[in-house]
Structures are given as C-alpha cells and as structure tokens.
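Accompanying notes for the structure given below.
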Amino acid sequence: MTRVWKWNRPVTVREVLEDLQQERSIAYTTVMTVLDNLHQKGWVRREAEGRAYRYEAVSTRAAYSAALMNDAWSQSDNPAAALVAFFGMMSQEQRRALRDAVHIVQGPEEGPEQGADSGETRVTPDAADEKRVEKPGEKPVEASGEKQGEKPGENPDSGPGGTGR
C-alpha cells in the first residue's frame with residue numbers, strides 16, 4: 001500500500017515492481033499477487049488497461065491510519081483512559097498537530113467548553129497532562145488503564161511479554 005499511496009495515482013504491477021527492485025530483489029508474480037489480494041480485500045480498485053491492470057488506493061493513508069486508531073480505541077473497555085494514555089505517548093510536536101486537528105474539526109464557533117453540560121466525558125488539557133479524565137459533576141478519575149491492585153505496566157491478561165496478543 002505504501003507504494004500505491006506514494007504515487008497517488010493508478011499504478012501498474014510493473015511500476016511497483018521496478019520501484020521495489022531498487023531496494024531488494026522481488027518477483028513480478030509476488031507483486032501481482034499482493035496487489036490482487038489488496039484488490040480482493042477492498043483496499044485498492046483496479047481497471048484493465050490492455051492486458052494489465054492499473055491499481056488505485058480506495059482511501060488515503062490518513063484515512064487508513066484514522067480507521068486503525070478508531071478501531072483500536074473502540075475496542076477499549078475504557079476509551080477515555082485509552083485516549084489519555086495515547087496522548088501521554090505523544091511528543092510535543094504530535095500534541096500540537098492534535099490541537100490543530102481538533103481546531104479544524106471543531107471550527108471557530110465551538111469553544112473549549114463546548115459540550116460541558118452535555119454529560120460527555122472530556123479530557124481537559126490539565127487532565128491530559130496529569131493522565132486524569134473528568135466527567136461533568138464527578139471527581140477526576142485516574143486514566144492509566146491499569147486495574148486497581150495491578151502494578152504499573154502489569155496486565156494479568158497479557159501473559160508473558162505483556163503484549164496481550
């Protein structure tokens with residue numbers, strides 16, 4: 001997918017092959033099989049051009065990344081804590097990019113206190129820095145993602161290695 005996104009236009013198996021061969025040895029049939037699999041999974045669309053196909057990404061790399069993050073977040077048993085932990089992993093540059101993105105999505109008419117009376121969980125700037133989540137009318141809760149009685153970084157469900165996979 002990286003090669004298809006790189007060109008941002010329909011590409012042939014030959015074009016992808018030649019690009020990949022600059023870095024390593026790879027067979028035409030391998031590239032063709034991968035692009036066919038991506039087509040069958042709905043990641044790329046293809047149009048016949050003579051005896052070959054031109055492949056084009058169905059969505060942007062940004063949309064793909066967003067879908068991955070949304071999927072991971074939606075599977076959390078504590079989405080607010082997952083977000084706070086995620087924000088805690090970000091660099092200052094990534095946090096600035098996040099703030100810019102939030103301003104773009106919210107638009108100028110929505111202020112930072114928008115939704116404060118709606119009962120929604122919200123992460124305040126102070127709460128994110130302190131890894132705490134505030135719910136309107138409630139005391140802030142710890143958002144480390146750890147269960148009570150667990151040591152930091154310990155997850156009994158994850159088994160050896162701590163990955164949970």
Side-chain angles (χ1 to χ4, degrees), residues 1-110 112 114-115 118 120-123 125 128-129 131 133 143-146 153-165:
M1 281 306 299
T2 300
R3 304 300 167 142
V4 176
W5 282 320
K6 178 178 141 180
W7 280 301
N8 198 28
R9 64 171 174 78
V11 296
T12 64
V13 172
R14 177 74 53 201
E15 290 173 315
V16 175
L17 173 71
E18 289 172 358
D19 190 41
L20 287 169
Q21 285 180 333
Q22 293 177 15
E23 298 172 15
R24 62 188 167 121
S25 177
I26 189 166
Y28 181 93
T29 54
T30 302
V31 177
M32 184 174 62
T33 299
V34 169
L35 285 170
D36 185 58
N37 288 341
L38 289 169
H39 175 257
Q40 289 178 23
K41 291 180 179 185
W43 289 71
V44 296
R45 63 179 142 260
R46 68 183 180 194
E47 284 195 34
E49 185 177 279
R51 292 179 34 198
Y53 286 108
R54 283 206 171 266
Y55 294 87
E56 182 177 21
V58 170
S59 68
T60 65
R61 187 175 207 150
Y64 169 72
S65 296
L68 282 177
M69 289 186 283
N70 187 56
D71 185 49
W73 181 55
S74 67
Q75 292 181 29
S76 173
D77 61 344
N78 189 340
L83 282 175
V84 171
F86 179 62
F87 297 157
M89 295 177 194
M90 291 179 162
S91 67
Q92 286 295 81
E93 184 179 333
Q94 290 170 321
R95 287 182 186 174
R96 279 192 292 276
L98 176 64
R99 271 193 297 275
D100 292 345
V102 168
H103 288 304
I104 290 168
V105 171
Q106 284 182 339
E109 67 281 351
E110 291 188 43
Q114 188 79 9
S118 67
E120 298 177 74
T121 300
R122 60 191 176 101
V123 179
D129 291 337
K131 298 204 182 325
V133 178
S144 65
E146 294 152 3
E154 181 183 56
N155 182 348
D157 299 327
S158 68
T163 63
R165 295 178 190 234

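This chain uses plain numbering: 1 for the first residue, then up along the sequence.
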- Exactly one of V11, V16, D19 clears side-chain contact (heavy atoms from CB on, under 4.5 Å) with K6, and that residue is D19
- Would you give the length of the straight line joining atom OG1 of T12 to atom CH2 of W7, rounded to the nearest 0.5 angstrom? 7.5 Å
- Ion pair present between E56 and R45, side-chain N to carboxylate O less than 4.0 angstrom? yes
- Query: Say you draw a straight line from CZ of R96 to CD of Q92; how long is it, rounded to the nearest 0.5 Å?
  - Reply: 6.0 Å
- Message: I'd like to know if E49 pairs up with R14 as an ion pair, taking the criterion as any Lys NZ or Arg NE/NH1/NH2 lying under 4.0 Å from an Asp or Glu carboxylate oxygen.
- Response: no
- Closest contact, heavy atoms only, E15 versus R9: OE2-NH2, 3.1 Å
- Item | Spacing of D71 atom CG and S76 atom OG [to the nearest 0.5 Å] | 12.0 Å
- Tell me, which pairs form a ring-ring contact (aromatic ring centres under 6.0 Å, His included) where one or both residues lie in residues 45-77, sequence neighbours left out? W5-Y64, W43-Y64
- Query: side-chain contact (heavy atoms from CB on, under 4.5 Å) with L17: which of I26, T30, L35?
  - Reply: I26
- Message: Main chain of R54, side chain of R46: is a donor-acceptor contact present, judged purely on distance under 3.5 Å?
- Response: no
- Backbone N or O of S91 within a donor-acceptor pair of the Q94 side chain at under 3.5 Å? yes
- Item | Heavy atoms of other groups near Q40 CD, more than 12 under 6.0 Å | yes
- Item | L38 side chain near M1 side chain, heavy-atom distance below 4.5 Å | yes
- Query: Quick check: are there more than 12 heavy atoms from other residues, nucleotides or ligands sitting under 6.0 Å from CG of N37?
  - Reply: yes
- Can you find a pair of side-chain heavy atoms, one from T2 and one from R61, that are under 4.5 Å apart? yes
